[in-house]
Amino acid sequence: MAKEITSRQADYSQWYNDLVLKSGLADYSDVRGCMIIKPYGYAIWEKMKQYLDSKFKETGHQNAAFPLLIPKSFFSKEAEHVEGFAKECAVVTHYRLKAGSKPNELIVDPSAKLEEELIIRPTSETIIWSTYKKWIQSYRDLPLLINQWANVVRWEMRTKLFLRTSEFFWQEGHTAHATRKEAETEARLMLQIYADFMEKIMAVPVIKGVKTANERFAGAVDTFTVESMMQDGKALQMGTSHFLGQNFAKAFDVQYLDKQGKLNYVWATSWGVSTRLMGALVMAHSDDEGLVIPPALAPIQVVIVPIYRNTDQLSEISNAAEKIMADLKKLEISVKFDNDDSKKPGWKFAEYELKGIPVRIAIGPRDLANGTMEVARRDTREKSIINMDGFANEIKSLLDSIQQNLLQKASIFRNEHLTTTDSFDEFKEIIENKGGFISAHWDGTSETELKIKELTKATIRCIPLDNKLEEGACIFTGKNSKQRVLFARSY
RNA sequence: CGGGGUGUAGCGCAGCCCGGUUAGCGCACCUGCUUUGGGAGCAGGGGGUCGUGAGUUCGAAUCUCACCACCCCGACCA
């Protein structure tokens, strides 16, 4: 065995690390808290980007690029925003190095101190709103719908591959609108685009909701979220969409003239998903054998492994494989033929399972003689022999059913890990042993939420958008409550 | 920022307690032959500032001190 993976049961956290490293998604870098996304991981991220980018454009957004460096003073303009991010900002103070006194020593040139320090963006609201002030004068300039794909830096004390790194990649949408209603609609629309993407493409079921004041984005009026459940019973916030009200418009004095010639502050949203989605993808579907990548995101959907004794057999199999590849490509299925002679079939089987390739086709002399191929699906690890005639449509529908099965499996798991309770003792017991979401009444105060967090490490993940109103008593204080909210321990 | 751990070949580790030939092992790599339906076998081969810096000593991977880096676990966050 060349690559051992810790089992989920033995150590879930170690399993995750092993998987990310050994499947070739990513690696640690020489910079503390920063990761290297390797080609295989980046290929999956590119597929995520491709889908989301097309949806952003379909809904009228345009991409642009804003600076990595932001003047420090910009941050102090919005009070809550600065408070939220001040603790984790990387700061550029100088612009030049020079030779030190020792050989090969470089020191920061003290004479090159910046008049105003620059912050490496932890998010771009401030630089974008200082720009929007110049772009927006009239109602004719609205709505302004901009997105950027970028990297940001948040100086994290504790990091984990993909889920929390000091530098990460994401997209951030920033929009400006004439009315409150239009901005709220935008925030909800983008949340829905995220939710669709996560369920249809990532095969991860999500709960859409709104954050409580404690969990809200610094500077937002409302933060909408999509929350998912990982295999260890911890929740993961997969994306957020913020209704910013007029907070940034007022902080940066962005006003427009309406049809009546009256000046108004604009209404804003921002929304983002990050490479954290990669972590969610790994933790939602994968098993002790390796990754399980849904076909819609798999850079390679089908791999063909030849089984042969000599070069004559290999060339016969190669001919068959060429035809198979051509047929699959006609159906827009991505396929790789692995004719690497230095690796044996068994090695390849294990390797492609580790990488989570959805479907594996093996062809050997027996198959050539019988006109068949062996097809193995990664999600269930089932193997079957199918006929070469008309196989392509079978593979196509197999990929579809793998995609569906992954969503279904994850949905069943999520539903099984969503418990309703009215007893705080039971609440604690569930959080401690079973994990998952807990649906419970809450009196609506931050004090209660923080107290519950202190006692159980569980936080309110969201108030579901489709929540039905229901009279009840707060699980902790017994005070009146009009609806249940979702608690969980989270990443 | 606290607690723990690790640093020896590309990767994973042993050696260290109790200092002493040329620093080992597995995987990977190179060459050759045999193999190939679930991580092949044999033979030969290449590859090392033992994290860094001081110190103790005739002699340090090994003992002492300092420093650095990374990982894991907690508090804070997407």
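Every heavy atom of this structure was used, including side-chain atoms; hydrogens, water molecules and symmetry mates were not. Just so it is clear: chains get the letters A, B, ... in the order the sequence lines come, proteins before strands, and each one is counted from 1. Note that the coordinates shown come from a computational prediction; the quantities given were computed from them, not determined experimentally.
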Residue whose closest nucleotide on RNA chain B lies nearer the 5' end, A:F349 versus A:F168: A:F349
B:rC72 OP1/OP2 closer than 4.0 Å to side-chain N/O of A:S13: no
Partner nucleotide, any strand, of B:rG32 [Watson-Crick/G-U, under 3.5 Å]: B:rC42
Identity of whatever pairs with B:rC1 - Watson-Crick or G-U, under 3.5 angstrom: B:rG74
Nearest-0.5 Å distance that lies between atom CG in A:D232 and atom OH in A:Y491: 3.5 Å
Interatomic distance, A:Y28 OH vs B:rG7 P [rounded to whole Å]: 16 Å
Sugar-phosphate, base or nothing in reach of A:Q313, heavy atoms under 4.0 Å: nothing
A:F217 CZ to B:rA78 P, straight-line distance once rounded to whole Å: 9 Å
Quiz item: A:R164 side-chain donor-acceptor pair to B:rC77 base, under 3.5 Å: yes
Side-chain ion pair, A:K49 and A:E46, N-O less than 4.0 Å: no
Atom-pair distance (CZ on A:R360; P on B:rG38), nearest Å: 10 Å
Side chain A:R309 and base B:rG37 donor-acceptor under 3.5 Å: no
Base B:rG38 to side chain A:K383, donor-acceptor N/O within 3.5 Å cut-off: yes
Sugar-phosphate, base or nothing in reach of A:E156, heavy atoms under 4.0 Å: base
Ion pair A:K22/A:E351, N-O distance below 4.0 Å: no
Of A:G33 and A:A350, the one whose closest RNA chain B nucleotide lies more 5': A:A350
Residues A:R381, A:E353: salt bridge by 4.0 Å N-O rule: yes
Phosphate OP1/OP2 of B:rC71 contacted by A:N17 side-chain N/O (<4.0 Å): no
Separation of A:L97 CG from A:D109 CG (nearest 0.5 Å): 8.5 Å
Pairing nucleotide - B:rA66, Watson-Crick or G-U, each distance under 3.5 Å: B:rU52
Listed nucleotide nearest any side-chain atom of A:M157, set B:rA75, B:rG38, B:rU36: B:rA75
A:I5 CD1 to B:rG12 P, straight-line distance once rounded to whole Å: 16 Å
Interatomic distance where NZ belongs to A:K87 and C1' belongs to B:rC1 [whole Å]: 13 Å
